[in-house]
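For reference, positions follow the sequence shown, starting with 1. Because only heavy atoms are used, hydrogens play no part in the values below, and waters and symmetry mates are left out as well, while side chains stay in.
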Amino acid sequence: MRARSPQGPPEELNAVADPTPAPAEEHPPIDPLDLYGVRGALSEEERQVQDAVARLVDAEVLPLIQSAFEAHRFPRELVPQLAQLGLLGSSISGYDCAGLNAVSYGLICQELERGDSGIRSFVSVQSSLCMFPIFAFGSEEQRRTYLPRMARGEVIGCFGLTEPHGGSDPANMKTHARRRGGDWVLNGSKMWITNGSIADLAVVWAMTPEGIRGFLVERGTPGFSAPEIEHKFSLRASVTSALFFDNVVVPDARVLPGVSGLKGPLSCLTQARFGIAWGVIGAAQACLAQMLDYTATRTLFGRPLAQNQTIQLRLADMARRITTAQLLALQLGRLKDAGQMQPAHVSLAKWNNCRMALDVARDARDMLGGAGISAEYVPIRHMLNLESVITYEGTETIHQLTIGRQLTGLNAF
Ligand code: TGC
Ligand code: FAD
C-alpha cells in the first residue's frame, strides 16, 4: 500500500481533483426524536396510521392521563375511540378488523405508549393476547362470536397465564381443567392480569390431561371472580387483577380447538412482545422531548442547562439509545411482515428496548431535579410504568436467557 502524504492525498489524486468546492448539499432538518429518519422508511399507509394515532393521543390521551394515573383509574372512555380508529385487533384480516401489517401495529403501540404504557397495555392485551388466539386457534364459531365485538370494543378481553407461585415458568402452572361430560371444570388462580376486572371474556390457560389448553371464560360464569389489585405504584392508569376459578364449568365449545401445549400462550406472547418492543420507544421519546425543552429553558450558573457538557452527553445518550431501538424495531417489523421473525428476535428487541426506555426515563427524571418527582412532568410516570413493562411479557432475565439458549443451544432456565 502506498504511504499517504501528511499534507494531503497522493499527488495523482490531487491531479484529478476538481478544485471547485462542491455546492453545499441541502439536508432536511433532523428530527431529534428520529435521528436516522425511520419515518422516511415507512410506507404512505404506515405513516397515515402513525399520524392518526398520534392525533388521538394528543387530543384524547394526554389531556387526561396524568389525572387518571394519579386517581389509579383506567380511562375506559377511550375504548370507543380506540375501536373507532381500528386499533383493536388491527393485525387481523376479516371479522371487522383493520388487517394492517406488523409495522403499523408497532407504530400504533409506539404512539399509544407515548401517551401512557397503560393505554398501550390495554390495546396489547385486547389485540395480541385475546383476539390473536381466538383468530389463530379458535373455531369459526368462536371467531364470529367474539372478534367483531372485540374489534368494536364491546367485549373486553383479558389473558390469564401468570400464577401467584411464579410467572416466569408457566409450564408448571397449577390451574387445571378436567372433562365432565361435554363440559370442562376449571380450578385454580391467576395473578397480575391486565384488564381482569373489566373484562367480559378471559382467555385462560390451564393444564389438562391433554396438555395446556386455552379456555374462553365469560364474565359472570358461576365460580369465576376477578378482584382488582390495588395500591400499585406502576401502571396506575391500567386495571390489574387476580382471577379465581372455583369449579367453573366451561362448555367444550368455549375451548380453543386449534392448539395444545405451551406454544399456545407463548405464540400470543410473541405478538404482544413485538408490540412492546415498539411501544416503549414512544415512552422514551416523550421523556427526551420534555428534556430537550426543559434543559433549553432552565438557566443555572448563567447559562441554559443544555449548554453543559454532561447534560448534552446525557441527551445525546438518550438519542443514541432511542435511535438504535427504532432501527431494531423497524427491522423486527420488516422480518415479521416477511414471515421471518422468530421468538429470539422478539426477545432481543423486548429486552433491549425496555431497558433503553427505562434507563432514559430514569435519567430524565434525574435531570429534572426536584421537579422530576412531580406528576406535572412525564418522566416519573413513564419510569414507574416501565418498571412493569420490563417485568411483564417475560422479565429481562427471561429474555437474556432466551438469547443465551439461542446462542449456545443450552437451556439455563
Ligand atoms: P420451551 O420448551 O422453550 O417451549 C415450549 C413450546 O413453546 C414453543 N415456544 C414458542 N412458541 C411461540 N412463541 C414463543 N416465544 C415460544 N417460545 C417457545 C416451543 O417451540 C415449544 O413448542 P413445542 O411444540 O416443542 O412444544 O418452554 P420452557 O418451559 O423452556 O419456557 C421457556 C420460557 C422460559 C422462555 C417461557 O416459559 C417464557 O417465556 N416465560 C416467561 C413467561 C411470560 O412471559 N409470561 C407473560 C405473561 S402475559 C403478560 O405478562 C401480559 S402483560 C400484558 C400487558 O399489560 O401489556
Ligand atoms: P417470578 O417468575 O417469580 O420471577 C421473580 C424473579 O426471578 C424475576 O426477577 C425473574 O427474572 C427471576 N427469575 C425467574 N426465573 C429465573 C431463572 N431461571 N434464572 C434467573 N432468574 C430468574 N400476566 C398474565 O398472564 N397476563 C397479564 O395480563 C399480565 N399483566 C401484568 C400486568 C402487570 C402490571 C404486571 C406487573 C404483570 C403482569 N403479568 C401478566 C404478569 C407478568 O407476566 C409476570 O409478573 C412476569 O412474567 C414475572 O412473573 P412473576 O411476577 O411471577 O416473577
Apply side chain to side chain donor-acceptor pair (under 3.5 Å) to residues Ser121 and Tyr392 and explain how you reach the verdict. CA-CA 10 Å; Ser121 257; Tyr392 68 34; 2.6 Å; yes
I'd like to know whether Val250 forms a side-chain contact (heavy atoms from CB on, under 4.5 Å) with Leu216, so could you lay out the CA-CA distance, the side-chain angles of the two residues, the decisive distance to 0.1 Å, and finally the verdict. CA-CA 8 Å; Val250 183; Leu216 305 178; 5.9 Å; no
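Between Asp58 and Arg55 there is no salt bridge, since no side-chain nitrogen of the basic residue lies less than 4.0 Å from a carboxylate oxygen of the acidic one. The pair Glu70-Arg381 fails the salt-bridge criterion, with no side-chain N (NZ, NE, NH1 or NH2) lying under 4.0 Å from an Asp/Glu carboxylate O. Ion pairing between a basic and an acidic side chain is recognised when a charged N comes within 4.0 Å of a carboxylate O; Asp363 and Arg314 show such pairing. Ion pairing of Glu77 with Arg73 is present here, as a side-chain N (NZ or NE/NH1/NH2) and a carboxylate O approach within less than 4.0 Å. Under a 4.0 Å N-O distance rule, the pair Glu387/Lys232 does not qualify as a salt bridge. Between Asp51 and Arg39, at least one side-chain N (NZ, or NE/NH1/NH2) sits under 4.0 Å from a carboxylate O, which counts as a salt bridge.
Counting only heavy atoms from C-beta outward, the side chains of Thr395 and Ile390 never approach each other to under 4.5 Å.
Of the possible donor and acceptor atoms, one in the side chain of Lys190 sits under 3.5 Å from a partner among the backbone N and O of Leu161. Although no hydrogens or angles enter the test, the distance criterion places no donor-acceptor pair under 3.5 Å between the side chain of Thr299 and the main chain of Gly302. The backbone N or O of Glu393 lies less than 3.5 Å from a partner atom in the side chain of Arg273, making a donor-acceptor pair. His382 places no side-chain N or O within donor-acceptor distance of the main-chain N or O of Ile380, the cut-off being under 3.5 Å. Checked by atom type and distance alone, the side chain of His399 pairs as donor or acceptor with a backbone atom of Gly394 at under 3.5 Å. With hydrogens and angles disregarded, no donor-acceptor distance shorter than 3.5 Å links the side chain of Asp252 to the backbone of Gly182. Side-chain atoms of Arg213 come within 3.5 Å of backbone atoms of Leu256 as a donor-acceptor pair (strictly under, hydrogens ignored). Remark: the backbone N or O of Ala306 is paired with a side-chain donor or acceptor of Gln312 at under 3.5 angstrom. Checking side-chain atoms of Ser128 against main-chain N and O of Val125 turns up no donor-acceptor pair under 3.5 Å.
Minimum interatomic distance between Ala361 and Pro379 (heavy atoms only, all atoms of both residues): O-CB, 3.9 Å. Taking both residues in full, the closest heavy atoms of Met356 and Ala325 are given as CE-CB, 3.6 Å, listed atom of the first, atom of the second, then distance.
With rounding to the nearest 0.5 Å, the separation of CG in Leu269 from NZ in Lys263 is 14.5 Å. Of the inter-residue distances, the one linking Thr323 atom OG1 with Gln326 atom CD reads 5.5 Å to the nearest 0.5 angstrom. Between atom NE2 of residue His345 and atom CD of residue Gln331 there is a gap of 8.5 Å, rounded to the nearest 0.5 Å. One distance of note links CG of Asn352 with CG of Leu332; it measures 11.0 Å at 0.5 Å rounding. The CE atom of Met150 lies 8.5 Å from the OG atom of Ser127; values are rounded to the nearest 0.5 Å. Between Ile322 atom CD1 and Tyr36 atom OH the span is 14.0 Å, to the nearest 0.5 Å.
Side chains of Arg303 and Asn308: a donor on one and an acceptor on the other come within 3.5 Å. For the 3.5 Å distance criterion, the side chains of Glu376 and Gln66 fail to qualify, holding no donor opposite an acceptor. Asn195 and Gln126 form no side-chain donor-acceptor contact under 3.5 Å, judged by distance and modelled atom types alone. Thr175 and Glu163 form a side-chain donor-acceptor contact under 3.5 Å, judged by distance and modelled atom types alone.
Taking the ring centre of Phe215 as origin, the terminal cationic atom of Arg254 falls outside the region bounded by 6.0 Å and 45° from the ring axis.
For Asp359, the side chain to side chain donor-acceptor pair (under 3.5 Å) test picks out Arg321, Arg355, with sequence neighbours left out.
Between Phe74 and Phe122, the angle of the ring planes stays under 30°, which puts this pair in the parallel group of the 30/60° scheme. Using a 30° and 60° split on the angle between ring planes, Phe224 and Phe245 fall in the parallel class, below 30°. Between Tyr105 and Phe274, the angle of the ring planes stays under 30°, which puts this pair in the parallel group of the 30/60° scheme.
Each of Val103, Leu87, Leu82, Leu85 was evaluated against Ile108; a single residue qualifies, Leu87, per the side-chain contact (heavy atoms from CB on, under 4.5 Å) test.
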